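Everything on this sheet refers to the single structure shown next.
Protein chains get the first letters and strands the later ones, always in sequence-line order, with residue 1 at the start of each. Everything quoted here is computed from the prediction, not taken from an experiment.
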There are 2 protein chains.
Amino acid sequence: MPLLLLKDLPRYECLLESAKEFPDLDPSAAEAYLHLLRAGDDAFGVSERNLDEHGISQGRFCVLMLLWRRVHPRAADLPGAAGAEAGPRTPAELAAGANVTRATMTGLIDTLERDGFVKREPDPVDRRMMSVRLTPKADQFLREFLPGHFRTTAKLIGVLTEAERKTLVRLLTKISTQAAAMVSPSTASALIEPVAHAV
Amino acid sequence: MPLLLLKDLPRYECLLESAKEFPDLDPSAAEAYLHLLRAGDDAFGVSERNLDEHGISQGRFCVLMLLWRRVHPRAADLPGAAGAEAGPRTPAELAAGANVTRATMTGLIDTLERDGFVKREPDPVDRRMMSVRLTPKADQFLREFLPGHFRTTAKLIGVLTEAERKTLVRLLTKISTQAAAMVSPSTASALIEPVAHAV
DNA sequence: GGCATACAGTTAGGCAGCTAACGATAATTG
DNA sequence: CAATTATCGTTAGCTGCCTAACTGTATGCC
């Protein structure tokens, strides 16, 4: 459970009362926001518990899955480009895929290599780069681990009907899109931003 | 952004194809699960960005809010008990409220005290305990910070209608409840568990 | 009353994020 | 071709999370 948060969310009446003191507080928005953080944390915790039992962390698992894509490319991953590379290979590509810095990826690869899950190899062409590859041990681990992981996920989401899942995905996508717009408003105004810099 | 995760979620067709290899993979469940983690992370990131600009971390903010409840108790917090204490006071209570270990809380209070936001005082009755209290500086900080924080939340959730918010909270609550049941199934079977141990 | 147990807070050590800076190498550009 | 610029991986040092073990204090049980 990585993100610490209030164990018990404030009740709606409490939010209503706080709104009297803080006019900027939108009770229904705050309620939805807090429930989102809590549910995300809960879901994360369920999967992390699964991973812990197998002695692997969320971060390491993420790296393994990115490399797994390379070993087992799906046709859907390569819609048009025929000879395109299937997945990330270098620490920099892995860092981009996992949304962490290169420095963090160095540490993750360090421990994964120490535990025998990946191997570093120097790139023969560009001598700045390294190639990271899964070992057979990692391949075997994933084949044993993933089914249970998928069952856990299915059990967690199993409380929702198919229609509810679609609705949930739709609403969450709206929020993610809005979050992206709030963090970097340049996404929509990519044509204007450079001008602003030029001026 | 605390929980690292795939930057780009796999597409639905890709999940469908993977399901051929892994029968335990429920594509719609996996899709909903991944979107939940991503949206939770996105929402978390938006608020964390807000906090960072004010030089305070999510964990510290959580502690301040727990202590704030004590300074400004709401009537809704005290439904029946008249003279009951309003909020957490000791490091152990704060740790329970923030869902972290006591050791972690020690570190958080250390830095908060160093920065002048809280003060430790020994408990006059039970000499094992400490009392943690907000300083006027923290009170002023929160009064200045919270309105912006609430506006950010309202803007993020603003993409949803009131009806959508209600739906979202309902679905997320279902998932959180299921997660709790999966992590500690003893909640419902507290009478059976001890027997199992006795045998 | 004396001793085992339980509990509060801290400390020590590990992992996983981050930023900033570095050396080595490649690419660009005058 | 030479020099600047950019990129790759790594290192060092920070924060914040964890577990395990420790000290001091209260409590419970003969």
Side-chain angles (χ1 to χ4, degrees), chain A residues 1-5 7 41 44-45 48-49 51-64 88-115 117-133, chain B residues 1-7 41 44-45 48-49 51-64 88-115 117-132:
Chain A
M1 300 81 178
L3 63 93
L4 95 169
L5 199 63
K7 183 181 233 166
D41 191 36
F44 189 81
E48 194 174 50
R49 181 165 153 273
L51 286 161
D52 278 349
E53 286 169 8
H54 290 78
I56 198 137
S57 77
Q58 189 73 230
R60 290 210 253 266
F61 177 63
C62 186
V63 175
L64 293 182
R89 181 176 58 93
T90 69
E93 288 168 355
L94 290 168
N99 239 347
V100 297
T101 61
R102 295 198 315 270
T104 298
M105 189 52 63
T106 294
L108 285 171
I109 295 172
D110 280 347
T111 62
L112 281 171
E113 190 169 33
R114 184 198 62 194
D115 295 348
F117 285 107
V118 304
K119 243 184 80 177
R120 280 185 174 98
E121 292 166 359
D123 185 301
V125 180
D126 189 331
R127 299 206 298 175
R128 291 173 303 182
M129 297 188 187
M130 303 290 287
S131 274
V132 183
R133 290 194 307 122
Chain B
M1 301 81 177
L3 63 93
L4 95 169
L5 198 62
L6 301 170
K7 183 181 233 168
D41 192 36
F44 189 81
E48 194 175 49
R49 181 165 151 274
L51 286 161
D52 278 349
E53 287 171 7
H54 290 77
I56 197 137
S57 78
Q58 189 73 229
R60 290 210 253 267
F61 177 63
C62 186
V63 175
L64 293 182
R89 182 176 58 93
T90 69
E93 288 168 355
L94 289 169
N99 240 346
V100 297
T101 62
R102 294 198 313 272
T104 297
M105 190 51 63
T106 294
L108 285 171
I109 296 173
D110 280 348
T111 62
L112 281 171
E113 191 169 33
R114 183 198 61 193
D115 294 348
F117 285 108
V118 305
K119 244 185 79 178
R120 279 187 175 96
E121 292 166 359
D123 186 301
V125 179
D126 189 331
R127 300 207 298 176
R128 290 173 303 183
M129 298 188 187
M130 302 290 286
S131 274
V132 182

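- Put simply, CG on D52(B) is 18 Å from P on dC14(D), counting in whole angstrom units.
- D126(B) pairs by the side-chain contact (heavy atoms from CB on, under 4.5 Å) definition with D123(B), R128(B), M129(B), not counting sequence neighbours.
- Residues M130(A) and S57(B) each lie close to DNA chain D; by heavy-atom proximity, the contact nearer the 5' end of the strand is made by M130(A).
- Contact between the side-chain N/O atoms of T104(A) and the OP1/OP2 oxygens of dA16(C) is not found at any separation under 4.0 Å.
- Minimum interatomic distance between M130(B) and P91(B) (heavy atoms only, all atoms of both residues): O-CD, 3.5 Å.
- For A92(A), the side-chain contact (heavy atoms from CB on, under 4.5 Å) partners are T90(A), R102(A), not counting sequence neighbours.
- Atom-to-atom, CE of M105(A) to C1' of dC15(C) comes out at 15 Å; the value is rounded to the nearest Å.
- Spacing between atom CD of Q58(A) and atom P of dG17(C) amounts to 9 Å, rounded to whole angstrom units.
- In this structure, T106(A) has no side chain to side chain donor-acceptor pair (under 3.5 Å) partners at least two apart in sequence or on a different chain.
- Residue R102(A) contributes atom CZ, which lies 15 Å from atom P of dG23(C) at whole-angstrom precision.
- In this structure, R49(A) atom CZ and dC17(D) atom P are separated by 22 Å, rounded to whole Å.
- In this structure, T101(B) reaches the dC18(D) phosphate: one of its side-chain N or O atoms is under 4.0 Å from OP1 or OP2.
- Within the 3.5 Å criterion, the main-chain N or O of I109(B) finds no donor-acceptor partner in the side chain of E113(B).
- In this structure, L108(B) atom CG and dT10(C) atom C1' are separated by 14 Å, rounded to whole Å.
- Rounded to whole Å, atom P of dC8(D) lies 13 Å from atom CD1 of I109(A).
- With rounding to whole Å, F117(A) atom CZ is found 16 Å from dC15(C) atom C1'.
- Residues satisfying the side chain to side chain donor-acceptor pair (under 3.5 Å) criterion with T111(A), sequence neighbours excluded, are R60(A).
- Qualifying side-chain contact (heavy atoms from CB on, under 4.5 Å) partners for A96(A), counting only residues two or more places apart in sequence or in other chains: none.
- Sorted by residue number, the members of residues 119-129 of chain B with any non-hydrogen atom under 4.0 Å from DNA chain D read V125(B), D126(B), R127(B), R128(B).
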